[in-house]
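Structure record follows, encoded as C-alpha cells.
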Amino acid sequence: MDQLSLGGRFEHTVWHAQDAILAANNLKGNGHHVHLQWISTLSDLAKAGYLQVAIIAVSSLLVVRYLLRRPCAKVSRPEGCVSTFSLPLELGSQVLRAAALALMVVAAVEQGGRWTNVAVLAYAFLLGLARLVSDTEGRHVTLHHVNFALFGVWVVIILAEILPIIDTGQYVTVPTSIIVSLATLSTAVFLAAATPREWVPPSLDLDVPADVARRPSPEETCSWLSFYVTYEWLTPLMWWGTRRQMTLEELPELPWYDEPRLLLKRVQDARGKGNSTFWTLVRFLSTEIMTMGAWVALNFLVDLIAPFALYHILHYLNDPEGAVLRPWFWLILLFVGPVTRSVSFQQYIFTSTRLIVRVRAALTQELYYKAMESMELNDEGLQDVASTDKAKDGQEKEKNTTATGRLANLMSADIDAIAVGRDIVLVVMGLPLGTIVTIVGLYQLLNWPVLLGIGLMAVTSPVGVYITQSMLKLQRDLRKIQDSRISVISEYLTSIRPVKYFAWENAIVKKIKNIRHGEQQKNWKLSILNMLLGEFSEAIPIIALLIIFSLHVTVRRQPLTADIAFTSITLIRTIRRNIGIATNMSRSFTAATVSLKRIDRYINNVTPLQQHATGPLRIEKATFRRHKKAEFAMRDVSIEFIEGGLNVVTGPSGSGKSTLLMAILGETLVEQGTVTCPKDIAYACQSAWLQNETIKENIIFNSDFEEARYSRVINCCGLPIDFNEFPERDETEVGENGVSLSGGQKSRVALARALYSKASVLLLDDIFSALDAKTAATVWSDCFCGELLKGRTIVLVTQLPWIATMADLAIAVENGSIKDVQQNIGVVRKPVTLNKEAIDEGNVDATVEMAATQDATTNGKITPTNGINKTAEQKRRDEVTQEALKTGPTARLQFYKYMRYYGSPIHAITAIFMSFMCTASAMGTGLWIATWVDAYGKGEAVNIAFYLGIYGAWSFAEILFQMVTFVTYEGGGWYAARTLHNTFVTSALSAPLSWFKTTPVGRVVNRFSRDMNSIDMRLPGLLRNVCEVSTRMIFQVLAVGSVLPIFIIPAAISCFLGIIAGEMYTRTAVAVKRLVSSSQSPLFSQFADSLAGMATIRARAGMPATFGKQLADKLRVFERASETQFNCNRWVSLKVDMITSIVTVAAGAIALSQAGTVAAGLVGFSLTNATTLSSLIIMFVRDMNELEVELQSFHRVREYALVEPEEHVDEYKSEGGYVDDENSLMPKDWPRTGRVEFKDVTIKYDLDGPEILKNINLKFEAGERIAVVGRTGSGKSTLVLSILRFTHIVSGQILVDGVDITRFPRQKLREALTVIPQEAVLFSGDVGSNLDPTGEVPKEIVDRALQYCIGIASFDYNNHGTASPNSDDPTEAENGTQTRVQGISLTTTVKARGDNFSHGQRQVLSLCRALVRKSKLMLLDEATASMDYETDRGIQEVLRKELSEHAMGRTLVTIAHRLRTIIDYDRVVVMSAGSVLEVGTPKELYDTKGQFYDMMRHSGEFEDLEKILSKED
C-alpha cells in the first residue's frame, strides 16, 4: 500500500518510525507508569529554574563575547543605505514583553516560585530597551538574543504548566494568571519572531561592488519567522508573477554574500590549500555542508512524530479505556510533526540550493580564469578532459572535441552534475540515522523476525553496488560523447557560412546524428540500469516484509492487528524509501564523481601562460614552439626591435611569422633564450577578432572614452564613411564573429582597437590582407605616415613588399628561422600617391551591402537612442529579458504536445493507462492488508497462506506495473528526444544566414546542451510522476471518503487551496525559469567569445581581470534568477504543507469521532491514506509545476526546431529537360559548362531593404577567368553571393549554363558550384573529412586533389621532416602546422579551426576542396589576399592547370584586392557602389585610364603590373 509514492521522493514521502518503541512499552503494560514518570520529570525540571538560569547565562556570555570582539571587527560601510527598524512594531513588542513580565510577576506572587521565569522575561525586556538605543549591528545582534530568551522561557513554561495536562491519570488546573501570562508571552514571541531584521552592510575589505552594497536583499531584512517558516518575503513576487510577465528588475536583489567575485576569492583560497576539486569544495562550503547536515538530521527525527501519533490514535481506537495520554495530544503532534518536518526539510533544501548557486558561480569563474591564465586550450590538457580512456579503433577521430565545446560542457553539464551531488550530505548524515531508528522500532514491534528481513536487505545490497558501478562507467562514457556532440555543433554553427557555401548541411546533420545515436544508446542503457536499481530496491523490502509477516503469524503465532500491521508496513516502507533514496541518488553521485575528475584533469593539465621579463621589445637566442607536442619550432631567434619604430616581418606562409608574434605575447613555450617586452601590448590578429558588441565598444575595448582620440583613430582607419551607411553608425552591433561587417571592415575595426589603446607596443598580423588597394593605401597614409603612431613600437606582419622598404627594421622569416634582418636608418615613411577625388567617388555608398546586412538584421527597424547610452548592465538585463519574453507563454497542458513526439498516440495512451494500473495495484495492496486485519476480528484469519499469498501477489504486481510504466515513459521520452534533436539540428543548419545574425551561437549551444539534457534526463520522469501522482491522489481521496465520508470536505478544501498556491507558484516559476535559461546564454557567449580572442585579451595589461569582472556581472544576473527560482519552490512547499497538515489533523479527529463504528482495519487504511494525502498534494503541485517549468526546455528546443528554413524543397519541380521546357527544372547533368549571365539583375539582402546591386548585366563565357575588383563594400561579394542565392533577386535573372538559378533548390545549386572563401575554415577531424565531409567522392579523386598542391610554396618547406604520411601524429610547423607534403595525407589529423596548419596551408586545403568537387564554376572570394606572393602564384598555377585540363569548360570568378593576382585574367569587372563601372581585359582597362588604372596606381606595385601587361602585348 502506498508504495508508489516512494521512489526517491524524499521530501514528499511520509517517514514512519520510532512509534513502535512506545507501542511495545504499552503492550507490556508499563505504559502508564512510564508516561507519568517522564511527564513529572520534565515538569519538575522546568519548575526547578535551572533551564531559565541556563538561558540567561548562555545569552549573557554571547553578548559579552560580542562586545569584547566588536572593537576588532571589520569596518562596515556607512549606514546611510541601511534599512531602519519599524518603531511602532518595536514599541508594540516591548509593550507585550512588559505585559508578560508583569503578569508573570503577579503569578509568582500569587502561586509562589516561578521567579526564574520573571528573571528571563526581565532580561528579555532589558535587551529590548537596549535595542532601541543601539546602532545597526547592535540592533541586529540584540534581536537574536531577545528571540532566544523569549522562545526559551516560553518552552520552559509550557513544560512546567501545560505538559501535565496531557496525562489521563491527572487532573491539573492551570492558574488564570499563568494562562494570561502565557498567552501574552506567546504573542510577544510571535511578534519578536515576526520583527524584520536590520540589514548589516558588507565589510569594506570585501570585494563587493558599491552598487551591490547599497541594495539589501529581502532575505537579509525579513523576520526570522519569514526566513525560516513562511517565506513571506517572496509573497509580493508571487503576486506579481501571477498577474503579469516577470522581468529581471522585479526579482529580489542578490544578497551581498553571494556576490560572484567574493565567491571566486573564497574558492581560490580553498583551492590554494589543495588541488583536488572535491576537497576544495568541502573547504569552500564547509558552513553550508554542516548546516545542511544539521537540518537533515533534524528532519529525519521530527518526521517520526506524525507516525508516532498515528500509531497511538489507532491504538486508542482499539482500546479507549487503556489510553495513557489524552487523544487530543496526538492530534497536536499530528500537526506539529509535519510542520516541523517541512520547516527543517525546506531549510535543508534552501541551504542546498544556495550551495548549488555558489558552486556554479565559483567554479564557472575558476574555469574561466584558469583558461585565461593557461597557454594551451586545444592541446592535451583539454583532450584529457574529453577522453578518460584510450580510444579504440580510431574512435578518437570520431569524437574529436574543441576547446569551446569542452569548456562549455564543463561549465554547464559538469558543474551542474557536481551541484546536484550535494545530496551526499543527506545520504551520509540523514539516511543512516533514520534507518537505524526505524529498525529499532520494527524490532520493538515484531521482535526477532525483523532481523531476518533486515539481513536479507543487507545480503542483497552488493547487487545495488554492482549496478551503481556500471552506471558510473556509462555516465563517464556519456559525458565524453556529450563533449563530442556539443563540440561538433558549436564548431559547425560558429562557421556556418562555409558550411552553407559548400552545401554540407546534410553531411553535417548525418555526422551529428551519428554522435547523438551513440549518446542515446548510452542514455537508454543508463535508464534501464536506473530502473533495475530502483525496482530491485523496491522488491527486496517487499520480500523482507513477507518473510517478517509470515514468521510473525506462523512461528510466533501473534495476531496481525491494525496498529502493528500498518505501522510495520510504514516502517518497512521507510527503509525501502531510504534505500531508494540512496540508489536513486547514486546516479547523481556517479555523475558528480565523473565531473569532479574531469575538472581536476582540466585544471591539472593546462600549461600556465609564459611571463616574459618587462623591458624593451627584444628576443635573444630564443627557441620556442607553440606547445609541447609541436614539432615545428623557431630556433635561435635574436631580434633587437627598433623601439618607437616600424618593424616589418615578411616571409612565406607557414614560415613562422605569426608564431613570432605569439612568442612575444607569451603564447608559446620558450625552450631557451630570453624575451623581454612591455606588459601592455595591443594585438590585432590575422583573422580579426571582434566581440559581440557595438563597433564603438570594440574600439574602446573597456578603456576610458576620449572623444578626441576616438575621432582621430576612426578617421585614420577610414571608418566614418562606413558609419554613414549604418543606421546606428558606430553603435551598430557587429554580431558574433563580426558577421555584420565585411572582412575589410572587421580588419579596420581591429586595427582601430589597437590604435586607440595606449599600449607602447602594437603587434599587427597582416592587417592589409583584407583591404583593397585604395583602402590599404589610405590606411597606410593616415595611420603609419602620420603622428598617430609616433613613439610607439610597431611590429607589422605583411605580404606587401613596398611596406618593407619603408620599415625601420625589415625581418625576413623562412622555415622557422630569421633569414635576414635589415635596418633602414633614416628611412622616411611616405604615403602612396593618392587621387583623393577618385577615392571619394569610390566611397559613395561604398558599404551598401553591409548596410543592407544591418537592415536585414534589424528587419528594417531603427531604434533611436536619443542620445541615451545604456550601461553594460542594462544591456545585459535587456538581453536576458528579451530572450525570456521571446520564448513566449507556455500552454497549461503543453505536455500533450510533448507526448505527440512519443511516436504514436497508442504509445501515449498506453503510458497513461499504465500509470492507472500502477496506482490501482498500490491501492489494492493496502486494501488487502485492511481486509486481512479485519478478518481476525471475524474469526476468519485461519488460512494464513491465502492472505499472505494474495498480499505477495498484489505487491509483486505493483512492482511489475512500475517496471512497465517506467519503460513506457522512458521509451517515449527517448523517442521524443531523438526526434526533437534531429529536427533541431536539421532546422538550425537549414536556417538562413540572417537567422544567425540575430541569434547568438551561445544561445543555440545552450539549448543543445542544457535544454536537451533536460529533455533527455528530466522530462520523462517528471511526466511519469505527474500522471501517477494525479491518479493516486484521486484514488486516495475516494478511498478515505468511502470509509469516512465527511473527510471529503476538508480534503476538497485542502486540494483547492493547494492548487491555488500551486497556480501562483507555476505562473511565477515559469517566468523565472525563462529568465534563468536566458541569463545563462550570455555566459556561454562570453566563454566562446573570450576563447576566440584569448591572445588579444591577454596581451593588454589588466584586460583579463576586466573580462573576469564582466563575467561576474553576467553571473550576478544568473545567480539572482537562479536563487529566485529555487526560493519559489520553498514558498509553495511550506504553504501546501501547512494546509495539508491541518487536513491530517481533521482526518485524525474524524477517525476519533468514529471510534467503535468502523472496523479497525478500514480506519487504519483510511488514516494511512489521509496522512499521505498531504504528501500527494505537495507532490502533485510540485511535480506539475516542475513539469511546466522543465517544459520550457522542450518549448525552447521546439521553438528553434520549427525555425523557418532557408527554403522548402517541395516548392521546386523535379529534374527534367532543358530550361526551354517550362514544365521541367534543369538537365540532370547540369551544369555542363560554366557560362554565367546576369540579365538586368537587381539584388537586395532584405526584401524591405535597399537595393544593393542595381541593373547588373554581365556575361561570363565558359572557361573564362573573370576578376571582380573594387573598393571594400562596393558589391563584389554580393555579386558572388547572388550566384549562390544568399540574396534576394528582386528583378532580372541569373542564368548558369542557361538555367535560371531560382528554379531549383539552393542545395543543388551550391553542390554544383564551388566557393573558395576569403577565410579558410577547417574543422576537427582529418584532412580527408575536411576535403569531402560527405564521404561520397572516391578517395582516389580526393588524394589526387591533395597531390595537385605539392608545388605550392607553403607545402614545400621543412622537407627534412621524418613523419610518416599516415602518421596520426604528423609533424607540425607554425601554430603546430604541417611541415612537409609527405607528412600530409588524407588521414592527417586536423585540430579545431585548423589550428595545426598555417593560414596559408589552410587556404591551400580550401583550394583542394574546390578541386575535389570538380565544379564547372569556381568562385574565389579574396582567397589569396593574405598569402605571400609565392603561395599566391602557386594557387593560380593550380587553377590554370585545372582549367586547361578540363578543356576550358571550367569558369573561374575571382574577387581580388591584390591586382597582381588577376592581372593576367581574361576579363576584369570593376564594381563601385553596387553597379558595374568597367568591364574588359586588364590591358583594355589599363589603356582606358579609368578606375582600374587608378587602382593600379595606388597598389604600390604599379611598375610591376605595367611590366606584366607589356609582356602580354
Side-chain angles (χ1 to χ4, degrees), residues 485-517 735-737 739 853 856-857 859 886 901 976-1009 1011-1012 1015 1194-1215 1225 1245-1247 1281-1289 1301-1315 1317 1321 1323 1329 1332-1336 1413:
R485 178 174 61 87
I486 298 302
S487 296
V488 168
I489 290 172
S490 176
E491 185 178 14
Y492 282 115
L493 289 183
T494 302
S495 305
I496 190 65
R497 280 182 176 271
V499 170
K500 288 192 170 290
Y501 286 164
F502 287 95
W504 284 340
E505 294 97 322
N506 293 337
I508 292 168
V509 166
K510 182 179 178 181
K511 178 179 180 180
I512 295 173
K513 284 182 178 179
N514 288 337
I515 298 174
R516 173 67 175 172
H517 179 68
E736 288 202 356
N737 302 315
V739 295
T853 303
T857 302
N859 295 323
K886 191 184 299 183
Y901 287 87
R978 187 185 72 173
T979 304
L980 280 166
H981 188 275
N982 291 347
T983 308
F984 187 8
V985 169
T986 304
S987 297
L989 289 170
S990 301
L993 287 177
S994 58
W995 185 75
F996 289 94
K997 293 172 184 174
T998 57
T999 308
V1001 172
R1003 187 181 302 170
V1004 183
V1005 172
N1006 187 21
R1007 300 194 185 192
F1008 271 113
S1009 177
D1011 291 321
M1012 277 309 306
I1015 294 173
F1194 163 70
H1195 181 77
R1196 285 157 57 86
V1197 169
R1198 186 168 173 267
E1199 177 193 9
Y1200 280 2
L1202 299 178
V1203 166
E1204 188 69 19
E1206 195 171 14
E1207 65 181 355
H1208 296 280
V1209 180
D1210 54 7
E1211 298 174 359
Y1212 301 96
K1213 300 174 184 178
S1214 59
E1215 295 182 355
L1225 174 64
Y1245 273 100
D1246 186 78
L1247 292 175
L1281 293 177
S1282 298
I1283 298 176
L1284 294 168
R1285 291 188 62 193
F1286 283 108
T1287 60
H1288 294 283
I1289 304 174
I1301 63 173
T1302 62
R1303 302 188 59 185
F1304 51 90
R1306 289 175 172 84
Q1307 181 82 10
K1308 287 187 174 294
L1309 172 67
R1310 294 167 189 169
E1311 286 175 348
L1313 309 181
T1314 296
V1315 181
V1321 177
F1323 303 102
S1329 66
D1332 176 35
T1334 64
E1336 297 174 356
R1413 292 166 73 94

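Because the structure is a prediction, the values reported are computed rather than measured.
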Practice task
Please step through side chain to side chain contact (heavy atoms under 4.5 Å, CB included) for the pair F1008 and V1197, ending with a clear verdict.
Solution key: CA-CA 8 Å; F1008 271 113; V1197 169; over 6 Å; no
Handout entry: M1012 and R1007, any side-chain heavy atoms less than 4.5 Å apart
Key = no
Handout entry: Considering all heavy atoms, the nearest S990-K500 contact
Key = C-NZ, 3.7 Å
Completion exercise
CD (E1311) and CG (N506) are apart, to the nearest 0.5 Å, by 7.0 Å
Handout entry: Separation of F1194 CZ from D1011 CG (nearest 0.5 Å)
Key = 12.0 Å
Practice task
State, yes or no, whether a side-chain contact exists between Y901 and R1198 at a heavy-atom distance under 4.5 Å.
Solution key: yes
Exercise for the section: Carefully, step by step, assess F1286 and Y501 under the rule side chain to side chain contact (heavy atoms under 4.5 Å, CB included). Expected result: CA-CA 9 Å; F1286 283 108; Y501 286 164; 3.4 Å; yes
Problem - For S1009, side-chain hydrogen bond (donor to acceptor under 3.5 Å, both in side chains) partners two or more places apart - result: S412
Practice task
Kindly indicate whether the side chain of L989, heavy atoms from C-beta on, has any atom under 4.5 Å from the side chain of W504.
Solution key: no
Practice task
Looking only at non-hydrogen atoms, find the nearest pair between P992 and P1205 and report the distance.
Solution key: CD-C, 4.1 Å
Handout entry: Close side-chain approach of K513 and T986, heavy atoms under 4.5 Å
Key = yes
Handout entry: Side-chain heavy atoms of I1283 within contact of L1309, under 4.5 Å
Key = no
Exercise for the section: Fit a plane to each ring of Y1200 and W995, take the angle between them on a 0 to 90° scale, and name the class: parallel (under 30°), tilted (30 to 60°) or perpendicular (over 60°). Expected result: perpendicular
Exercise for the section: Could you grab the distance from atom CG of L1284 to atom CG of L1313, nearest 0.5 Å is fine? Expected result: 6.0 Å
Practice task
Decide side chain to side chain contact (heavy atoms under 4.5 Å, CB included) for V985 and I508; before the verdict, give the C-alpha distance in whole Å, the side-chain angles of both, and the deciding distance to 0.1 Å.
Solution key: CA-CA 9 Å; V985 169; I508 292 168; over 6 Å; no
Handout entry: Candidates R978, H981, K511 - the one meeting side-chain contact (heavy atoms from CB on, under 4.5 Å) with R516
Key = H981
Exercise for the section: State, yes or no, whether a side-chain contact exists between I1015 and F984 at a heavy-atom distance under 4.5 Å. Expected result: no
Practice task
Please test S495 against F1323 for side chain to side chain contact (heavy atoms under 4.5 Å, CB included), starting from the C-alpha separation and ending with a verdict.
Solution key: CA-CA 9 Å; S495 305; F1323 303 102; 3.7 Å; yes
Practice task
Work out which heavy atom in T979 is nearest to a heavy atom in T983; give both atom names and the distance.
Solution key: O-OG1, 2.7 Å
Exercise for the section: Look only at the side chain of R1306 and the backbone of R1285, and say whether a donor-acceptor pair between them is shorter than 3.5 Å. Expected result: yes
Practice task
Check whether any side-chain heavy atom of R497 lies under 4.5 Å from a side-chain heavy atom of V1321, and answer yes or no.
Solution key: no
Problem - Geometric cation-pi criterion, R1310 with F502: 6.0 Å, 45° - result: no
Practice task
Output yes when a side-chain donor or acceptor of S490 lies under 3.5 Å from a complementary backbone atom of I486, and no otherwise.
Solution key: no
